[in-house]
Every structure is written in structure tokens, then in C-alpha cells.
Amino acid sequence: MVDPPDSDVIEARSLHHSHSGSPALIAVSLRTRRGEVLAVHGPRGSGKTTLLRCLSGQTVADEGEVWFDGDPVHTLSPLRRERLRRERFGWIGPESSLVPELTVWENAALPLLLNGAPRRHAKAAAMEWLERLDIDGCARRRPYGLTRAERQRTAAARALVGEPAVLFADEPTAALHRADRALLLRTLLAAAGSQRTTVVLATHDTEVAALANRTLALVDGRLTGSPDGTDAEGMAACSLSV
Amino acid sequence: MLALRLARGAHPLVLLRRLLVAAASGGVGFLLLCALAYALTHPGDRTAALLRLSWCAIPLAATVHFAVAVAHTDPSTRPRTGLSAVGLGPGRLAALAAASTALSGALGSVLALLFFLHLRGDLTGLPFDGAARELLAAEAPLPLAATLTLLALVPLTATVAAALALRGRDAARERAPVRPPGGLPWGCALTTAGLAVGTFTARAEKAAPLPLPKEFGAHPAGVLAGWALTAVGLAFAGPALTFFCGRLLQILRPGAVRLLAGRILMEESHRIGRPLGVVCAVASAVITAWALYDTGPRPFGPLTGLGAALVVACTTATLLTAVAQARHDRATATEELRRLGASVGTLRLAALLRAAVLLLVFAPLTWAVATLAALPLSR
């Protein structure tokens with residue numbers, strides 16, 4: 001990576017957004033650095049998903065700006081934002097909505113296939129990630145009949161296979177039991193660390209949030225943490241060398 | 001009452017579908033009443049009256065098929081966890097769907113009766129009243145029981161069929177992946193048998209092998225049975241052929257578009273395959289009829305035209321409804337694909353590919369069946 005280590009990957013400036021009248025985000029500003037794991041911690045309904053959707057360019061906030069790698073995201077056309085999501089971002093939701101018609105490896109390889117990668121290369125990359133996440137055994141099965149943990153790991157493989165610059169994880173472990181939760185998070189964050197991928201992790205769980213380099217608290221659509229990323233604990237407190 | 005109240009707040013497209021069911025039901029009701037009128041004016045000609053009545057079976061079947069498809073798609077009667085929690089489970093919702101089907105059917109029947117009476121000249125005050133006085137037996141009084149029985153036929157059949165088709169649906173349960181549909185051998189056998197029956201009947205009856213309602217005194221039973229067998233055979237073979245089309249799309253290292261298009265087609269084969277087979281059968285019948293009566297004097301009366309239009313419209317609408325439902329069921333997967341950054345263009349291209357491959361496989365099949373069916377009849 002040629003960027004200086006403290007360059008901002010994602011920057012949001014005073015985001016305001018509302019869902020048909022009810023405010024979801026109020027003056028939210030934040031910055032993330034390359035390779036950083038940023039947790040957005042808050043209860044259900046505090047606006048975490050909306051924030052992640054705005055940051056990843058799925059939604060354009062009513063007011064405010066989103067910048068990625070020094071370029072504005074909020075002014076891009078829907079097509080360019082799609083391309084950005086396809087090529088630079090990864091996403092894991094609370095319930096892995098895998099494409100039911102495709103097998104596990106095809107689901108994992110889908111971002112590469114959508115980018116026009118050759119099938120053989122896409123398959124090799126997907127299989128590598130499935131192996132790392134320990135589900136290469138069901139690579140040829142459909143999502144139907146897989147456990148939640150297996151599906152969520154497939155979704156993780158799908159999010160990581162394109163080596164994204166930013167990984168958005170929206171309550172990725174909310175539907176999992178404790179053992180599966182720890183395993184998934186650890187693998188996810190270790191993998192992201194090895195690729196220097198920035199992770200924006202939304203969670204309501206303090207234990208999960210504790211795994212991050214830095215935590216921002218979101219309450220009723222307002223951020224209550226330090227928005228500028230000058231947190232003293234910073235990267236040093238990273239306990240993710242597993 | 002709940003059916004009415006839900007209908008009031010429904011989406012215009014849903015209402016349009018129900019209106020189409022009402023229109024189809026009205027059309028069939030009108031055809032049945034016309035058959036009754038013919039029987040009233042020709043009391044001695046039992047065979048011809050029966051022939052006219054039996055021809056109504058095809059539009060009736062197409063209308064019931066369509067009504068069931070619409071009841072299946074109706075969003076207001078789709079099982080929902082929220083409604084299930086307040087006690088409106090799948091059972092009650094099936095009853096609700098049946099009730100709204102009955103409502104559409106009854107509306108159509110009432111309109112058919114009004115239109116019929118209007119054309120007979122019993123109701124006056126509008127243009128064209130009594131325009132078909134002789135044709136519709138204006139002199140003879142209309143037998144009440146027969147009229148009611150005929151008019152109740154469509155709503156009753158459609159309601160029972162919808163209730164039977166919808167019972168036991170479950171809310172938001174994940175569907176198992178589709179196994180390859182196994183109807184192809186049966187479909188081939190039935191289609192071939194149908195063509196064979198048609199050929200034998202045509203050879204046996206030299207004069208008028210396929211008498212349309214206007215030609216009296218002949219038995220279309222053989223040809224009709226052959227056609228029905230062919231239609232059932234194509235309906236059986238439809239899912240398997242659609243599945244095969246999906247396979248076809250994925251040969252030779254598919255990229256994202258072909259992979260998605262093929263898999264989705266395979267997954268939807270059980271849903272759109274059957275209506276597609278039926279449309280195929282109807283199209284081949286239309287082509288056959290066209291080929292037969294293209295040169296000579298056409299025995300198409302307005303009622304035959306109405307019946308044919310009903311069958312074509314209903315089967316096409318059933319197919320479109322099935323496609324719409326399949327699309328609705330894929331909404332979450334589509335949303336996820338969009339989240340991954342799949343462009344609208346990619347998804348549209350996949351849909352276009354699906355349509356193209358279906359056309360490529362089913363169009364020659366339709367043409368072949370039509371040609372084979374027309375061969376013995378045109379001699």
C-alpha cells in the first residue's frame with residue numbers, strides 16, 4: 001500500500017438522514033484509517049444500519065458528505081456507486097442472504113464473477129477463502145440446509161474474496177451462538193488485518209465492540225464517541241493478532 | 001367482508017388482475033348463456049347444442065387456471081408472519097383467497113348476464129339493446145335454473161380450485177432447491193399420444209374432422225381429445241424443458257450473467273414451466289387452426305372468436321402472473337445482489353437471456369407440434 005499509514009479511507013461529514021420523517025442519523029461525522037477496525041456500537045434502532053448503508057453508498061444521506069480515499073461518494077451516480085461497492089467494498093449483513101440458486105463456492109466467488117474475473121481464477125480465490133473459514137467441505141452445496149454459522153461464514157468469504165478496501169459488517173454475528181460468534185469475528189478481523197482492509201463493524205454487543213481498535217457509540221442517531229479518530233488507544237490496543 | 005375490505009386497499013395492479021379474472025369469467029359466462037340460447041331456439045338439434053356447450057369447456061378451463069394463478073399471487077392473501085400472529089394463518093388466508101376469487105367470478109357472471117339480457121333486448125336504454133334478438137332466443141323465456149347453474153359454473157369451479165391449490169401454504173419458509181423435474185417422459189408420451197389420436201380421428205372422419213361450433217352435426221370429440229392430450233403433455237414437459245434451458249445457459253464456463261440466468265431458470269422451472277407448456281399448446285392450436293382455415297371460407301363466428309381470444313388471453317396472463325410471482329419471490333435475493341454491486345444492466349441481461357433461451361427452445365417446439373397436428377387435418 002502506497003498510502004501513508006494515517007490516511008483516511010472513509011470520511012463522513014455531518015450526515016443527516018431520516019426514514020419517512022423519523023430521523024435516523026443526526027450530524028454524524030467520522031473518519032477511519034487504513035487497516036483500522038472501527039466499531040459502531042449502539043442498541044437496535046440507533047441508526048447503525050443506516051449509517052453503514054450511507055457509508056457504503058447504498059443510500060445517499062439527505063444531507064452531508066461521504067468521502068472514500070479522498071473522492072466524494074455522495075455525488076457519484078448510482079452506477080458509479082454500484083461499481084464502487086462491487087470493486088472496493090465488502091458487506092456482511094446480520095443474516096447472510098446468500099443467493100439461494102448458487103452453490104456455496106459460487107456465492108463466495110460472486111463478487112469476482114460480477115467483476116468479470118475468469119471462472120477458474122474466481123473459483124480458486126473463493127475456495128481459498130472457504131478453506132480459511134473452514135467450510136470448504138460444503139463448497140458444492142446450496143445454502144439451503146446449511147446452518148446459520150456456515151451461511152454466515154460463506155457470507156464472510158464472499159465479502160473478503162474481492163480483497164476490498166473497506167469491509168462493512170452490519171451485526172454479522174447477531175444470529176449466531178457464542179462459539180460461532182467468536183470464531184467468525186476472529187477470522188474476519190484477522191483476515192481483514194492481513195489485507196489491511198478497513199473494517200466498519202456495527203454491533204449492539206459490547207464484547208464484540210471490544211475487539212475493535214476504536215469504538216464509536218451511536219445513540220438515537222447521534223454519535224457520542226470521538227469522531228476524529230485521534231483515540232489514544234488506537235492501533236496499539238489491537239488484540240487481534242490471533 | 002374482509003376480502004372486500006382488503007380489495008379496497010389493494011395495489012392497482014392487483015385489482016387489475018382481479019378485474020381480468022372477472023372479465024374472463026364474464027366472457028365464459030356469456031359463452032355458456034349463448035349455448036343455452038342456441039339450445040332454446042333449436043330444441044330438436046340436441047347434438048349441435050351439446051357441441052356448443054362442450055366447446056365452452058376450453059375457455060372455462062383456461063379461466064379457472066388463470067383465476068388460481070391470480071389467487072396464488074395475490075399479496076393480500078399471502079401468508080405473513082404478522083398476520084399469522086394475530087390468528088390469520090395459512091388456512092384462513094386460503095379461505096380469504098377463495099372468497100376473493102369467488103367475488104371476482106361472481107362479478108364477471110353478473111356482468112355477463114346483464115350484457116346477455118341487454119343484447120337480447122330484455123334490458124333497454126343503452127345502445128345496441130336487442131342487437132342480437134334472434135341469435136339469443138329473445139322469444140323464448142330464459143329458464144332460471146339453467147341460467148343460474150351455467151353462471152355459477154365459473155365462480156364455483158374457480159373458488160374450489162383456488163381453495164384446493166392454496167391450502168397448506170406456509171409463511172416465509174425457505175424453499176428447498178428444485179430437483180430436476182421428471183415430467184419429460186410423460187410429457188413426450190402424452191404429446192405423441194395426443195398427436196396420434198388427432199391423426200387417427202382425422203383419417204376416420206374424412207369430411208369435417210374439426211368442426212367448429214358453427215358447423216353442425218359432426219363430432220369433434222376425437223380431435224378435441226387429441227388436442228387436450230397434447231396440451232396436457234406439453235404442460236407436463238414444460239418444467240423439464242425449462243430446467244433443461246437453464247442447464248443450457250450454463251454450459252462452457254459461465255460468467256456471472258449466464259450463471260445467474262441459468263440457475264434462476266432452473267429454480268423457476270417448476271413455477272413457470274407448466275403455464276409455459278400450456279401457452280405453447282394454445283399457440284400451436286392457433287397456428288394449426290390458422291393453417292387449416294387460411295385458404296377456405298373461415299367458419300369463425302364472433303362467439304368462436306370470443307372463446308379463442310379468452311383462451312389465448314387467459315393462458316398468456318397466467319404465464320405472466322407466474323413470472324411476476326417468481327420475480328416477487330426472488331426479491332430478497334435480487335436485493336442482496338444489488339447490495340453486492342450487481343448493476344441493473346447485469347440483472348436485466350440475465351432476464352433477457354432467460355427469455356431468449358426459452359423462446360429458442362419453445363418456439364420450434366410449438367411450430368413442430370402445430371405442423372404435426374395440422375398434417376392429417378389438411379388432407
Side-chain angles (χ1 to χ4, degrees), chain A residues 49 52-53 56-59 77-93 95-103 105-123 140-146 148 151 154-155 158-159 161-162 164 168 170, chain B residues 81 170 172-181 242-243 245-247 249-273 326-351 353-354:
Chain A
T49 301
L52 259 60
R53 286 179 64 95
S56 63
Q58 292 175 49
T59 314
S77 68
L79 276 178
R80 299 285 301 280
R81 277 187 277 127
E82 261 163 26
R83 195 167 158 197
L84 195 64
R85 285 208 295 281
R86 213 161 55 218
E87 293 175 356
R88 309 302 305 275
F89 294 165
W91 177 280
I92 311 180
E95 276 184 29
S96 55
S97 25
L98 302 173
V99 181
E101 290 90 1
L102 303 181
T103 61
W105 84 258
E106 284 163 344
N107 262 298
L110 196 56
L112 295 180
L113 289 172
L114 282 173
N115 280 336
R119 190 178 164 86
R120 192 174 297 168
H121 167 235
K123 183 171 184 178
R140 298 196 162 276
R141 282 168 64 189
R142 300 273 193 96
Y144 179 83
L146 295 188
R148 271 187 178 171
R151 288 177 195 214
T154 310
R158 183 176 68 181
V161 75
F168 296 96
D170 180 17
Chain B
T81 36
D170 228 341
R173 217 180 57 196
E174 194 181 12
R175 284 203 326 270
V178 172
R179 298 215 180 121
T242 313
F243 193 84
C245 288
R247 265 272 139 85
L249 270 176
Q250 296 171 64
I251 49 170
L252 293 178
R253 302 208 182 144
V257 176
R258 276 201 294 139
L259 186 68
L260 280 174
R263 283 296 161 76
I264 293 171
L265 201 54
M266 280 160 77
E267 205 65 22
E268 286 175 354
S269 60
H270 67 293
R271 183 162 284 163
I272 62 170
R327 194 183 144 157
H328 182 273
D329 284 357
R330 296 205 70 263
T332 25
T334 310
E335 198 187 327
E336 186 58 26
L337 281 170
R338 301 275 294 130
R339 183 174 291 155
L340 284 178
S343 64
V344 183
T346 307
L347 298 180
R348 278 205 191 128
L349 194 60
L353 262 183
R354 274 178 275 160

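All heavy atoms count here, side chains included; hydrogens, waters and symmetry mates do not. Residue numbers begin at 1 in each chain, while the letters A, B, ... track the order of the sequences.
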Atom CZ of Arg339(B) and atom CD of Gln58(A): how far apart are they, to the nearest 0.5 Å?
-> 5.0 Å

Which atoms of Thr103(A) approach chain B - backbone, side chain, both or neither, heavy atom under 4.5 Å | both

Positions in residues 112-121 of chain A that reach chain B, provided some heavy atom is under 4.5 Å away = Leu113(A), Leu114(A), Arg119(A), Arg120(A)

Check against side chain to side chain contact (heavy atoms under 4.5 Å, CB included), Ser343(B) and Arg86(A) = CA-CA 9 Å; Ser343(B) 64; Arg86(A) 213 161 55 218; 4.0 Å; yes

Report the C-alpha separation of Leu79(A) and Val344(B) in whole Å, then their side-chain angles, then the decisive distance to 0.1 Å, and conclude whether the side chain to side chain contact (heavy atoms under 4.5 Å, CB included) test is met.
-> CA-CA 9 Å; Leu79(A) 276 178; Val344(B) 183; over 6 Å; no

How long is the gap from CG on Leu259(B) to CD on Glu106(A), to the nearest 0.5 Å?
-> 4.5 Å

Side chains of Val99(A) and Arg263(B): does their closest heavy-atom pair fall under 4.5 Å?
-> no

Heavy-atom distance under 4.5 Å to chain B: side chain of Glu87(A), backbone, both or neither?
-> neither

If one checks every heavy atom of Arg81(A) against chain B at 4.5 Å, the contacting part turns out to be neither

Partner set under side-chain contact (heavy atoms from CB on, under 4.5 Å) for Arg80(A), not counting sequence neighbours | Leu76(A), Ser77(A)

Using a cut-off of under 4.5 Å on heavy-atom pairs, state which of Leu110(A), Leu102(A), Leu84(A) scores highest against chain B.
-> Leu102(A)

Relative to chain A, which of Glu335(B), Met266(B), Glu336(B), Arg330(B) shows the most heavy atom pairs under 4.5 Å?
-> Glu336(B)

If you look at every heavy atom in Arg142(A) and Glu267(B), which pair is closest and at what distance?
-> NH1-OE1, 3.2 Å

Shortest non-hydrogen contact between Ala342(B) and Glu82(A), atoms and distance = O-CD, 4.1 Å

